[in-house]
There are 2 protein chains.
Amino acid sequence: MELAEAKSKFIEAWGKLGSEWGINRTMAQVHALLLTSPVAMTTEEIMEALSISRGNANMTLRDLIGWGLIEKQHKAGERKEYFFAEKDTWTIARQVAQERKKRELDPILKVLNELSAVKGDEKDPEYKTFKTSITSINKLAGNVNKTLETMLKAEENWFWGSIFKIFK
Amino acid sequence: MELAEAKSKFIEAWGKLGSEWGINRTMAQVHALLLTSPVAMTTEEIMEALSISRGNANMTLRDLIGWGLIEKQHKAGERKEYFFAEKDTWTIARQVAQERKKRELDPILKVLNELSAVKGDEKDPEYKTFKTSITSINKLAGNVNKTLETMLKAEENWFWGSIFKIFK
DNA sequence: TTAAACTTTCAAAACTTATTGAAAGTTTTT
DNA sequence: AAAAACTTTCAATAAGTTTTGAAAGTTTAA
C-alpha cells in the first residue's frame, strides 16, 4: 500500500469511528487529515483534499478549535490562516474526554442528583426500584466524574500517574 | 417532584445521553423504562408507555437483547413475552463496553495495524508524520484494547479488582 | 385444521443532522 | 477610499437515520 492510499484509508476510518461516537464525520476527517500532515494547511487546501464546501470547512475548523484539537497559525507576510493539529495522542484523548465530560456527563449528573432526591413510599415497589436504579447509576456516574476530574487535572498524582504510564 | 414525573425525566435524560453516544434514543429510553420498572413488561405495555409503534418496539427490544441489557421472561400459562432489564450498574457498563469494543475498537485496530505496516522513505516528511501519528494512535488503541480485555475478562485480577472497588 | 394471539418484517414517511454555496462581513493592501 | 483577499453566516437542500403501520409469519389452543 502506498502512502496516499494509506492516508485516505486512515481519514475514512477515523471519520467512521467519529460518527459512531457522536462526533461529526467531517470533523473527524479534517482532524485525521491535519494529524497526518507535516505542515499546517489552509482552508482552501482542506476543502480541496476532502472535497467539502467552504462553509462546511469553516464550521468544522472552528469546532475543532473549540475542542482544542487544532490551532490556527499565522505565517509572516501572509493573510491566509493555516491550521495544524495537536499531535500528542495523550493530549488528544484528554481534550476529547474533557469536552465530552463537560457536554454530557455534567448535565446527566445534574439530573441524576435531582432525581436522587425524590421522596416516596418505601413500600411501593415502583418507588423502590426507581430509587435503587437511580442511586446506583448516580454513584457510578459520580465516580466516573471524580476519576475524570482527577485524570484531567493532575497527571502528576502518584496513583494515576503510575497508571498512565501503562498507556503511554 | 413526584415519582411519575421523575421517571419520565429519567427516561428522557437517558435517551438523550444515549443519542449523544451513538446509541439510538428509543433503545436508551426502553432501557430506562425497564431499569426503573419493578416488574417485567410486555411489548404492548412498552409501546403504550413510550408512545412508540409496534415495529419500533420490537426492533428495539431485539437490539437490547443483542446488547445483553435486557432479557425475555416467559410467564407460566401466558403466551406473551415479558422483558426485564439487568439492573446491576456495573454489569450494564461492562456489557456496553464489550459491545462497543467489538463493534468499534476491534475494526479500527485492524485498520491501524495495516496502516502501521506501510513502508516509505524515512526522509519524506509526509511519510514521517503519517508514520508517527499512526504508530502513536495504534499504541494507545492497543493499550485501551488490552485493558478492556483484562477488565472484561477478570474482575478478580488483583490489580484491576482493587481499582474496580473504587467505582462500585 | 382453523382461528386467535402474538411476533416479525420492511417499504414508505417523518424526522434529524450535515452540507452547500451564495451573500455578507471583515481585514489588509494599494 | 476602493479593491482585493480572505472569513463567516445562514437559508435552502441533501443525506442519513429512525419510526410507522400494515401485511406476513409464527405459535398455541380449541
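Source: prediction; values computed, not measured. Within every chain, numbering begins at 1; the chains are lettered A, B, ... in the order of the sequence lines, protein sequences first and strands thereafter.
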Nucleotide [N], atom [atom2] - distance to [atom1] of [X] in whole Å:
{"X": "Arg54(A)", "N": "dG25(C)", "atom1": "CZ", "atom2": "P", "answer": "18 Å"}
{"X": "Glu78(B)", "N": "dT7(C)", "atom1": "CD", "atom2": "C1'", "answer": "16 Å"}
{"X": "Ile46(A)", "N": "dT7(D)", "atom1": "CD1", "atom2": "P", "answer": "10 Å"}
{"X": "Met47(A)", "N": "dC6(D)", "atom1": "CE", "atom2": "P", "answer": "13 Å"}
{"X": "Met59(B)", "N": "dG25(D)", "atom1": "CE", "atom2": "C1'", "answer": "16 Å"}
{"X": "Ile65(A)", "N": "dT7(D)", "atom1": "CD1", "atom2": "C1'", "answer": "12 Å"}
{"X": "Asn24(B)", "N": "dT18(D)", "atom1": "CG", "atom2": "P", "answer": "5 Å"}
{"X": "Leu61(B)", "N": "dT9(C)", "atom1": "CG", "atom2": "C1'", "answer": "15 Å"}

TODO: Verify the contact: side-chain N or O of Asn58(B) to OP1 or OP2 of dC6(C), cut-off strictly under 4.0 Å; return yes or no.
DONE: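 No, no such contact exists.
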
Just checking [X]: base, sugar-phosphate only, or nothing, at a heavy-atom cut-off of under 4.0 Å?
{"X": "Thr42(A)", "answer": "nothing"}
{"X": "Glu44(A)", "answer": "nothing"}
{"X": "Asn56(A)", "answer": "base"}

Quick one: which of [options] gets closest to the side chain of [X]?
{"X": "Lys72(B)", "options": "dT19(D), dT8(C), dT7(D)", "result": "dT8(C)"}
{"X": "Ser53(B)", "options": "dT19(D), dT7(D), dC10(D)", "result": "dT19(D)"}
{"X": "Arg62(A)", "options": "dT9(D), dT8(C), dG21(C)", "result": "dT9(D)"}
{"X": "Lys80(B)", "options": "dC6(C), dT18(D), dT8(D)", "result": "dC6(C)"}
{"X": "Thr26(B)", "options": "dT9(D), dT19(D), dT8(C)", "result": "dT19(D)"}

Open item on the list: A side-chain contact here means heavy atoms from C-beta on lying under 4.5 Å apart; do Arg103(A) and Arg100(A) qualify?
Closed with: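 No, side chains not in contact.
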
Open item on the list: Measuring only between side-chain heavy atoms, which start at C-beta, is Leu69(A) closer than 4.5 Å to Glu86(A)?
Closed with: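 A side-chain contact is absent here, since even the closest heavy-atom pair is not under 4.5 Å.
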
Task: Donor on one side chain, acceptor on other, Gln98(A) and Trp67(A), under 3.5 Å - done: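 Per modelled atom types, Gln98(A) and Trp67(A) side chains form no pair under 3.5 Å.
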
TODO: State whether Lys80(A) and Glu44(A) are salt-bridged, where the test is any N-O pair (Lys NZ or Arg NE/NH1/NH2 against Asp/Glu carboxylate O) under 4.0 Å.
DONE: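 Salt bridge absent between Lys80(A) and Glu44(A).
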
TODO: Would you mind checking if Glu122(A) and Lys131(A) are paired as a salt bridge, meaning a charged N to carboxylate O distance below 4.0 Å?
DONE: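 Result for this pair is no, no salt bridge flagged.
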
Task: Along DNA chain C (nearest heavy atom to each residue), the more 5'-positioned of Thr43(B) and Arg25(B) - done: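 It is Thr43(B), whose closest nucleotide lies nearer the 5' terminus.
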
Open item on the list: For Arg79(A) and Ile23(A), find the nucleotide of DNA chain C closest to each by heavy atoms; which residue's nucleotide sits nearer the 5' end?
Closed with: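 With Arg79(A) and Ile23(A) compared, the 5'-side residue is Ile23(A).
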
